[in-house]
Amino acid sequence: MRTSQYLLSTLKETPSSAEVISHQLMLRAGLVRNLASGLYTWLPTGLRVLKKVENIVREEMHRAGANEILMPMVQPADLWEESGRWDDYGPELLRLNDRHKRPFVLGPTHEEVITKLVANELSSYKQLPLSLFQIQSKFRDEIRPRFGVMRGREFLMKDAYSFHLEQDCLEKTYQTMFYAYCRIFDRLGLNYRPVLADTGSIGGDASHEFHVLADSGEDDIAFSDASDFAANVEKAEALAPVEERAEPSQKLAEITTPNVKNIDDVADFLNLDVKTIIKTLLVCGIENDQGDIPIVALVLRGDHQLNEVKVENLPQISSPLTFATDEQILSAVNCNAGFIGPVGLTIEVIVDRSAAQLSNFVCGANKNETHLTGVNWQRDCSENEIADLRNVVEGDPSPCGQGNIVIKRGIEVGHIFQLGTKYAEAMKCAVLNEGGKNQTLTMGCYGIGVSRIVAAAIEQNHDKYGIKWPEAIAPFQVAIVPMNMAKSARVKETAEALYKQLIQAGIEVLFDDRKERPGVMFADHELMGTPLLLIIGERNLDAQQIELKNRITGEKSLLAIDEIMSLFK
RNA sequence: CGGUGAUUAGCGCAGCUUGGUAGCGCACUUGGUUUGGGUCCAAGGGGUCGCAAGUUCGAAUCUUGCAUCACCGACCA
């Protein structure tokens with residue numbers, strides 16, 4: 001490709017709307033342009049990268065035995081009614097009507113369509129297991145699209161689905177997909193980790209997320225410093241403290257705490273460590289037969305954070321998690337938020353493992369402007385249900401039993417999980433088994449955020465000059481940068497000849513044939529992140545040499561012209 | 001959805017307080033100059049100042065409403 005025929009569209013200045021570095025560089029290097037909130041046009045350079053990522057994903061899916069298909073982006077609403085997600089899926093699901101006023105959705109994912117398809121196409125266990133995938137645009141009407149294509153509303157995703165008669169077969173394919181994902185991210189040249197994940201609203205048993213490690217990531221990942229354990233903080237178990245609870249040594253006392261509203265205030269007021277204070281949060285339980293919603297108290301150590309996913313997974317708590325309103329709090333405990341404590345509560349109380357290990361602690365007295373000190377479990381309030389309610393923090397013992405937790409940020413680029421029979425049951429996806437009986441299939445589901453990978457790769461590979469593409473996904477393998485070609489026939493001839501050779505050899509080459517100063521060319525190619533530059537100038541032509549510059553290492557070397565082609569063998 | 005801020009040329013911004021025919025830098029066009037790291041000089045083109053209404057002789061500027069975009073939070077595959 002010659003730059004004179006190419007839409008280069010680089011920008012010297014950073015558009016003000018771009019927050020993270022990948023978004024800034026994608027705009028500056030001319031990869032994408034914003035159309036509306038969360039919607040992007042892919043320019044030639046960006047599309048080249050996107051296609052490369054897509055192809056690596058496709059190749060590895062084929063290697064894993066999956067068949068490529070393509071499903072429509074627009075899906076009839078009745079499929080979603082059938083699966084129950086028409087009601088369950090929130091406003092993220094974009095709903096629309098056609099000219100006959102029939103309802104449709106813009107697909108945020110394709111479980112319904114594929115399950116329906118397989119239900120219609122398969123009839124015998126002999127056709128199983130079967131894996132299908134597509135690479136298709138999805139639309140999710142995100143509340144807050146941000147970070148460019150990292151969290152866009154329309155984005156490119158590879159989604160694969162596997163169908164099985166039995167769980168052990170599903171597990172085998174799950175393993176195959178796990179390794180396929182590792183191969184994909186290895187080939188992409190990214191620093192990534194598979195991490196244990198919560199199965200979330202989709203349900204199912206086992207789940208791993210694949211995260212690209214980057215400070216700008218939106219997820220917290222808990223690692224062990226002594227093993228290869230890694231889990232999303234949502235999922236990482238906070239183990240019960242091993243030390244025995246200390247015996248009560250203080251008397252229970254009531255103190256007046258005016259204008260003390262949160263844990264930090266209490267700690268300041270009493271000059272105590274927040275770790276000796278507990279906080280009590282009131283949330284909504286599951287609606288009972290009378291249609292009442294019970295309020296449940298959750299007790300945590302002052303320095304710990306509530307883990308909403310863990311709480312939602314408790315049988316007595318409503319999902320999604322809903323905090324009690326001020327009115328509900330007042331009627332349940334007869335005081336305001338900020339002064340609630342477990343002593344004397346009549347509602348159900350669930351205590352976090354770490355909070356349960358405390359003795360002689362401070363808590364709210366269920367009376368405004370009042371706290372209790374010297375509180376002890378059993379002696380002052382009944383022994384309650386104990387559960388893991390909190391996020392792990394750095395330094396916690398790792399749930400794998402080895403080492404301690406370290407927390408890093410990650411960008412979720414892949415997610416695999418064992419779906420089970422949820423959709424197969426809803427969509428009546430079954431085949432005849434060996435015994436001639438109808439048997440509902442069990443499913444696996446495997447997603448990769450293709451467009452998000454492009455952003456994640458930049459987050460991980462850039463410097464002050466621009467993008468440093470991993471070789472496998474660079475838009476061009478090499479650029480020819482002639483110095484002052486307009487004035488030097490020799491430079492022009494050499495550049496043209498080299499360009500022709502590279503094209504013939506099937507190399508993806510960008511020939512900078514603009515009449516630009518060298519600095520402009522260098523700056524553009526460094527911004528675009530082309531891994532290799534071939535710099536042709538009068539200076540080295542006397543010796544029949546061309547300068548080779550490596551974008552990643554910064555190394556420069558001189559090569560004889562006839563050696564150039566051997567670089568690409 | 002709540003809070004905050006923004007909206008003036010393709011991009012980055014000034015002008016608004018104190019109303020009087022819209023400016024700077026980059027980019028773009030033309031000519032010259034320069035040519036191994038974003039040259040320099042000169043001359044140009046490009047704007048319903050987000051939209052609508054109001055105040056006024058006169059509105060980018062003051063008032064009101066709306067829209068869009070972004071950030072923080074809530075929410076969420």
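This is a predicted model, so every value here is computed, not measured. These numbers come from the heavy atoms of this one structure, side chains and all, not from hydrogens, waters or symmetry mates.
The partner of B:rC69, taking Watson-Crick or G-U wobble pairs whose two distances both stay under 3.5 Å, is B:rG5.
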Are there any protein N/O atoms within less than 3.5 Å of an N/O atom in nucleotides 8-12 of chain B, and if so, which ones and at what distance?
from: B:rC11; atom 1: O2; to: A:Glu13; atom 2: OE1; distance (Å): 3.4
from: B:rG12; atom 1: OP1; to: A:Ser16; atom 2: N; distance (Å): 2.9
from: B:rG12; atom 1: OP1; to: A:Ser16; atom 2: OG; distance (Å): 3.3

What pairs of nitrogen or oxygen atoms, one from the protein and one from nucleotides 34-36 of chain B, lie under 3.5 Å apart?
from: B:rU34; atom 1: O2; to: A:Arg517; atom 2: NH1; distance (Å): 2.5
from: B:rU35; atom 1: O2'; to: A:Asn484; atom 2: ND2; distance (Å): 3.1
from: B:rU35; atom 1: N3; to: A:Asn484; atom 2: OD1; distance (Å): 3.3
from: B:rG36; atom 1: O2'; to: A:Arg539; atom 2: NH2; distance (Å): 2.3
from: B:rG36; atom 1: O6; to: A:Asn540; atom 2: ND2; distance (Å): 2.9
from: B:rG36; atom 1: N1; to: A:Glu547; atom 2: OE1; distance (Å): 2.9
from: B:rG36; atom 1: N2; to: A:Glu547; atom 2: OE1; distance (Å): 2.1
from: B:rG36; atom 1: N2; to: A:Glu547; atom 2: OE2; distance (Å): 3.0

Report each atom pair, protein N/O against N/O of nucleotides 2-4 of chain B, whose distance is under 3.5 angstrom.
none

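When atom types are taken as modelled, the side chain of A:Arg153 and the backbone of A:Lys138 share no donor-acceptor pair closer than 3.5 angstrom. A donor-acceptor pair under 3.5 Å links the side-chain atoms of A:Thr3 to the main chain of A:Asp513, judged by distance alone.
Qualifying side chain to side chain donor-acceptor pair (under 3.5 Å) partners for A:Trp469, counting only residues two or more places apart in sequence or in other chains: none. Partners of A:Phe139 according to the ring pair (Phe, Tyr, Trp, His ring centres under 6.0 Å) rule, which considers only residues two or more places apart in sequence or in another chain, do not exist here. Partners of A:Arg151 by salt bridge (Lys or Arg N to Asp or Glu O under 4.0 Å), not counting sequence neighbours, listed by chain and number: A:Glu142, A:Glu218. Take A:Asp303 and apply the side chain to side chain donor-acceptor pair (under 3.5 Å) test, not counting sequence neighbours, and it matches A:Arg301. In this structure, the salt bridge (Lys or Arg N to Asp or Glu O under 4.0 Å) partners of A:Asp542, at least two apart in sequence or on a different chain, are A:Arg490. Take A:Asp524 and apply the side-chain contact (heavy atoms from CB on, under 4.5 Å) test, not counting sequence neighbours, and it matches A:Leu8, A:Thr10, A:Arg514, A:Val520.
Remark: P of B:rU68 and CZ of A:Arg144 are 17 Å apart, rounded to the nearest angstrom. Taking atom CD of residue A:Glu312 and atom C1' of nucleotide B:rC76, one finds them 10 Å apart after rounding to whole Å. Separating the CZ atom of A:Arg151 from the C1' atom of B:rG73 is a distance of 14 Å, rounded to the nearest angstrom. Rounded to whole angstrom, the span from the CZ atom of A:Arg140 across to the P atom of B:rC76 amounts to 14 Å. Atoms CG (A:Leu7) and C1' (B:rA27) sit 14 Å apart, rounded to a whole Å. Taking atom CG of A:Asp524 as the reference point, atom C1' of B:rC26 lies 14 Å away to the nearest angstrom. In this structure, the CG atom of A:Asp88 is 13 Å from the P atom of B:rC76, given to the nearest Å. The CZ atom of A:Arg514 sits 12 Å away from the P atom of B:rU39 (whole-angstrom rounding).
Rounded to whole Å, the C1' atom of B:rU7 lies 6 Å from the corresponding atom of B:rG50. B:rA60 and B:rC41 are spaced 34 Å apart, taking the P atom of each and rounding to whole Å. The separation of B:rA43 from B:rC57, taken at their P atoms, amounts to 42 Å, rounded to a whole angstrom. Between B:rC28 and B:rA70, the distance separating the two C1' atoms is 28 Å to the nearest Å. Comparing the C1' positions of B:rG47 and B:rG23 gives an interatomic distance of 11 Å, to the nearest angstrom.
For A:Arg146, counting side-chain heavy atoms from C-beta on, the closest listed nucleotide (B:rA27, B:rC75, B:rC76) is B:rC75.
For residues 476-488 of chain A, the side chain to side chain donor-acceptor pair (under 3.5 Å) pairs, not counting sequence neighbours, are A:Ser488-A:Glu538.
Residue-level contact check: A:Glu308 touches the backbone only, with heavy atoms under 4.0 Å from sugar-phosphate atoms and none from bases. If you check every strand for non-hydrogen atoms under 4.0 Å, A:Phe323 touches nothing. Residue-level contact check: A:Lys549 touches the bases, meaning some heavy atom is under 4.0 Å from a base atom.
A:Lys158 and A:Glu54 are not joined by a salt bridge, as no carboxylate oxygen comes within less than 4.0 angstrom of a charged side-chain nitrogen. Residues A:Asp215 and A:Arg409 are not paired through a salt bridge, judged by the lack of any N-O separation under 4.0 Å between the basic side chain and the carboxylate. Ionic pairing of A:Glu111 and A:Arg85 is present here: one or more N-O contacts between side-chain nitrogen and carboxylate oxygen are shorter than 4.0 angstrom.
A:Tyr6 and A:Phe476 have their aromatic ring centers within a separation under 6.0 angstrom. For A:Phe210 and A:His208, the ring centers sit 6.0 Å or farther from each other.
Within residues 19-39 of chain A, the residues approached by RNA chain B to less than 4.0 Å at the level of any non-hydrogen atom are A:Glu19, A:Ser37, in residue-number order.
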For residues 529-536 of chain A, please give each side-chain donor-acceptor pair under 3.5 Å, one per line with the distance, not counting sequence neighbours.
none

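Nearest-nucleotide mapping onto RNA chain B: of A:Arg452 and A:Glu526, the residue sitting toward the 5' end is A:Glu526.
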